[in-house]
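Order of appearance sets the numbers: ligands from 1, and atoms from 1 within every ligand. All figures in this text were calculated on a predicted structure; none of them were measured in a lab.
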Amino acid sequence: MNQMIIIFGASGDLTARKLIPAIYNLYKGKHLPENFVVLGASRSNITDGEFRKKVVQESAHLKSELDSQEEDFINTFSNKLFYEDLGDDYNTSYDRLSTRIADLNNKYSTDNNYIFYLSTPPSLYEAIAKNLSDQGLTKEEDGWKRIVVEKPFGYSLETAKNLNTGLQKYFNEKQIYRIDHYLGKETVQNLLVTRFANSIFEPLWNRNYIHHIEITNAETVGVEKRGGYYDKSGALRDMFQSHLLQIVSLIVMEPPINSNAEEIRNEKVKALKSLRIMTDDETLFNNTIKGQYVASKIDGKQVKGYREEEGVNPDSKTETYAAVKFFVDNWRWKDIPFYVRTAKRMPTKVTEVVIHFKTPHHQVFKEQDINNKDNKLIIRIQPDEGVLIKFGVKVPGQGFQVERANLDFYYSSLPNANIMEAYERLLLDAMQGDATLYARADEVEAAWTFVDPILNYWERDENVNTYGYPAGTWGPRNSDDLIDDEYTWRNPGENLADDSGYCVIN
Ligand code: BG6
């Protein structure tokens, strides 16, 4: 459907780095409607031409395209982009903006269908929504209107609720699209397919066969230029509350009736509501670990500690490592521990889910190494996207010695494996009105309900240690203590089939 995307915060980093390249790829892949306009809006006083130069014609984020495509092709794309200066403040009269939208809409026949994309700090969401509403730009009589908001969606349960009510004063829930870019990743969506399109997995997906579940999200980068934001946020807010709990909900949820957005989201909310909320200090103490990277050398290069990073308080206790053990109070998952960790400055960038199956009820053959003993299903979210099953095979020769073997699938081996980048997929969905991969208000609030007590406890209690870990390592020394019995974290390598602890020495 013909439409216009109005991006607030258009002179910011996200627009140039993610949004415009995603829209460009949609254009290249012929997914854009015939009549399509991007209107950037923010507080910089620049012209249409300057905006086009910045985010397209001279953009480092489109460099390989600029080098390889015909100039005409690039120019046809950049001519779809326009810019409107909002003045000094987002909370101002939108008269001029509204006139500009109407003019562009008439000239380019975008049929009054608008997406307002808010790539601004959340503190501006309500003001922007109100100003749009004052101009009549939220009414859907003559065309649809949608609003897309970026994370962080709130700082706590209370602030998330305020944001929700703030937006819902001006838009219906159906018009609101809360983006979580992890849901745009093919491999995250594949969690649903792995579970619900295979009769070999779903029957085992419960407490009878699963011993525990482990999710690792590791990044090699530190806080880069975002120290100011990150120091007020920390790993739990930045990654766990949003991306990781989204992954958790897809693993925990019950089968939806069908693949409609509301059916899937209903099940996800139920899943998040069934996470056991930790309330007393002892439980919180025993089931959470926070850490912070300290200066170290990686590949011979000196790397700063977190407290030395730009924008970070030199006495900061903000966590760059967070690990949480929790249980899910429902029929399917009773007593099965979930271990989830996320951190910056780890040895490799990787996100994966490991389903550890129970040892067969009766053991006929002796197997020794506990970490290598049971069946595992490893779902690799990134990189080297794929699925790995570890199962027992007989070692050739006398007796019944059992070894683990790998059965692996890689996305890259699919013919025509053109994996859409997360933003591309999500934008296209919003353009088509499909909210399946967007978080609903109650979902976000359920996630905060689980996270809030942990954050409060970490902030409140002086017994909570922030453990240091050298940049480039797998986190604090005591991180394995969180895991019951003799199990440890599977510290994954760069490649899906690498065994735990595998590393490349450069
Ligand atoms: C963002 C976080 O939401 O996700 C960043 O704010 C983090 O701190 C990023 O680096 C990770 O995304 P990805 O897609 O690179 O795993």
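Side-chain contact, D238 with Y229: a donor N or O sits under 3.5 Å from an acceptor N or O.
Electrostatic pairing of R440 and D442 counts as a salt bridge here, judged by a charged N lying under 4.0 Å from a carboxylate O. A salt bridge links K270 to E267: at least one charged side-chain nitrogen sits closer than 4.0 Å to a carboxylate oxygen.
Within the structure, side-chain hydrogen bond (donor to acceptor under 3.5 Å, both in side chains) pairs that include any residue of residues 115-124 comprise Y117-E150 (at least two apart or interchain).
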Write out each pair where an N or O from ligand 1 and one from the protein are under 3.5 Å apart, with the distance.
unit_1   : atom_1 : unit_2 : atom_2 : d
ligand 1 : 3 (O)  : K151   : NZ     : 2.8
ligand 1 : 3 (O)  : H243   : NE2    : 2.7
ligand 1 : 6 (O)  : K151   : NZ     : 3.0
ligand 1 : 6 (O)  : R226   : NH2    : 2.8
ligand 1 : 6 (O)  : D238   : OD1    : 2.6
ligand 1 : 6 (O)  : D238   : OD2    : 3.4
ligand 1 : 8 (O)  : R226   : NH1    : 2.9
ligand 1 : 8 (O)  : D238   : OD2    : 2.6
ligand 1 : 8 (O)  : K344   : NZ     : 2.9
ligand 1 : 10 (O) : E219   : OE1    : 3.3
ligand 1 : 10 (O) : E219   : OE2    : 2.5
ligand 1 : 10 (O) : K344   : NZ     : 3.1
ligand 1 : 12 (O) : H181   : NE2    : 3.1
ligand 1 : 14 (O) : H181   : NE2    : 2.8
ligand 1 : 14 (O) : K185   : NZ     : 2.6
ligand 1 : 15 (O) : K349   : NZ     : 2.7
ligand 1 : 16 (O) : Y182   : OH     : 2.4
ligand 1 : 16 (O) : K349   : NZ     : 3.2
ligand 1 : 16 (O) : Q382   : NE2    : 2.7

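With rounding to the nearest 0.5 Å, the separation of CG in L388 from CG in D408 is 6.0 Å. Taken to the nearest 0.5 Å, the CG atom of L118 stands 12.0 Å off from the CD atom of E126.
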